[in-house]
Amino acid sequence: MKKISLIIASVLTLSLVIGIAIQFRNYYDNTYAASKAYTRVPLNVPNREETKDDSGKVIKGSYSYQYHFEFVNTEGTKKKISFELSGKKVTPFKPGEFLEAEISNTRVVYGPTAITQNKVPKSILKNLLEIE
C-alpha cells in the first residue's frame with residue numbers, strides 16, 4: 001500500500017513540476033522573448049505628464065510621454081504596444097521619426113532607438129509610411 005501511495009505521490013509531483021515548467025516557459029516567451037520590429041513616431045506629440053509609479057504616486061522631478069506604437073516585425077506582422085518614455089530631462093521622439101526596437105508579445109524589451117529611413121527594411125517601409 002505504501003508503495004502505491006509513493007508512486008501516486010511521485011506521479012502527481014512530477015506532473016506538477018512539468019505543469020509549472022510549461023507555464024513558466026509560456027510566460028517567458030510571451031513577455032521576454034523578443035524580435036526586431038520597426039515603427040514610426042505618431043505625428044501628434046503626446047502631452048508631457050508627471051511620471052507616476054505603479055501605485056499612482058507622482059515621482060518628483062520626473063516626466064513622461066505615453067506613446068501607443070504600431071510595430072511591424074520582419075515578417076510583416078503588426079502589433080500595437082504602449083510605451084512610456086520618462087525621465088528627469090526627457091524629450092519626446094520627433095514626429096514621423098523611424099524607430100527600431102526589440103519587442104515581445106506584450107512589451108518593448110529593448111529600445112526603441114531612432115534610425116534613419118534607409119535603415120528600415122524595404123519590405124517593412126511601406127507599412128510604416130501608412131502609420132500616422
For [X] against [Y], the heavy-atom pair lying closest together:
X	Y	result
Lys79	Ile103	CD-CD1, 4.2 Å
Ser104	Asn30	OG-O, 3.4 Å
Asn73	Ile124	O-CD1, 3.4 Å

Next item on the list: Identify, with sequence neighbours excluded, every residue that meets ring-ring contact (aromatic ring centres under 6.0 Å, His included) alongside Tyr32.
Entry: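 Checked Tyr32 against ring-ring contact (aromatic ring centres under 6.0 Å, His included); matches are Tyr28.
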Next item on the list: If the plane angle is over 60° it's perpendicular, under 30° parallel, otherwise tilted; pick one for Tyr67 and Phe69.
Entry: parallel
Next item on the list: Take atom CG of Asn44 as the centre, draw a 6.0 Å sphere, and report whether it contains more than 12 heavy atoms from other residues, nucleotides or ligands.
Entry: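 Result for CG/Asn44: open.
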Next item on the list: For Thr31 and Tyr27, indicate whether the former's side chain and the latter's backbone hold a donor-acceptor pair under 3.5 Å.
Entry: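 The answer is yes, because a donor-acceptor pair under 3.5 Å joins these two groups.
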Notebook entry, point to check: Looking only at atom types and distance, does a side-chain atom of Thr39 sit under 3.5 Å from a main-chain N or O of Glu70, one as donor and one as acceptor?
Noted result: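 Checking the backbone N and O of Glu70 against the side chain of Thr39, a donor-acceptor pair under 3.5 Å is found.
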Between atom [atom1] of [X] and atom [atom2] of [Y], what is the distance when rounded to the nearest 0.5 Å?
X	Y	atom1	atom2	answer
Leu125	Arg40	CG	CZ	9.0 Å
Asn127	Tyr38	CG	OH	13.0 Å
Gln117	Lys122	CD	NZ	9.5 Å

By the salt bridge (Lys or Arg N to Asp or Glu O under 4.0 Å) test, which pairs, at least two apart or in different chains, include something from [range]?
range	result
residues 10-27	Arg25-Asp29
residues 43-64	none
residues 99-121	Lys36-Glu100

Under 3.5 Å, side-chain donor or acceptor atoms of residues 84-91 against the rest of the protein: list the pairs with distances, not counting sequence neighbours.
from, atom 1, to, atom 2, distance (Å)
Glu84, OE1, Gln66, NE2, 2.6
Glu84, OE2, Ser64, OG, 3.0

Next item on the list: Show your reasoning for whether side-chain contact (heavy atoms from CB on, under 4.5 Å) applies to Phe83 and Phe93.
Entry: CA-CA 12 Å; Phe83 180 77; Phe93 292 115; 4.2 Å; yes
Listed pairs under 3.5 Å, donor-acceptor, residues 8-15 side chains, sequence neighbours left out:
from, atom 1, to, atom 2, distance (Å)
Ser10, OG, Leu6, O, 2.9
Thr13, OG1, Ala9, O, 2.8
Ser15, OG, Val11, O, 2.9

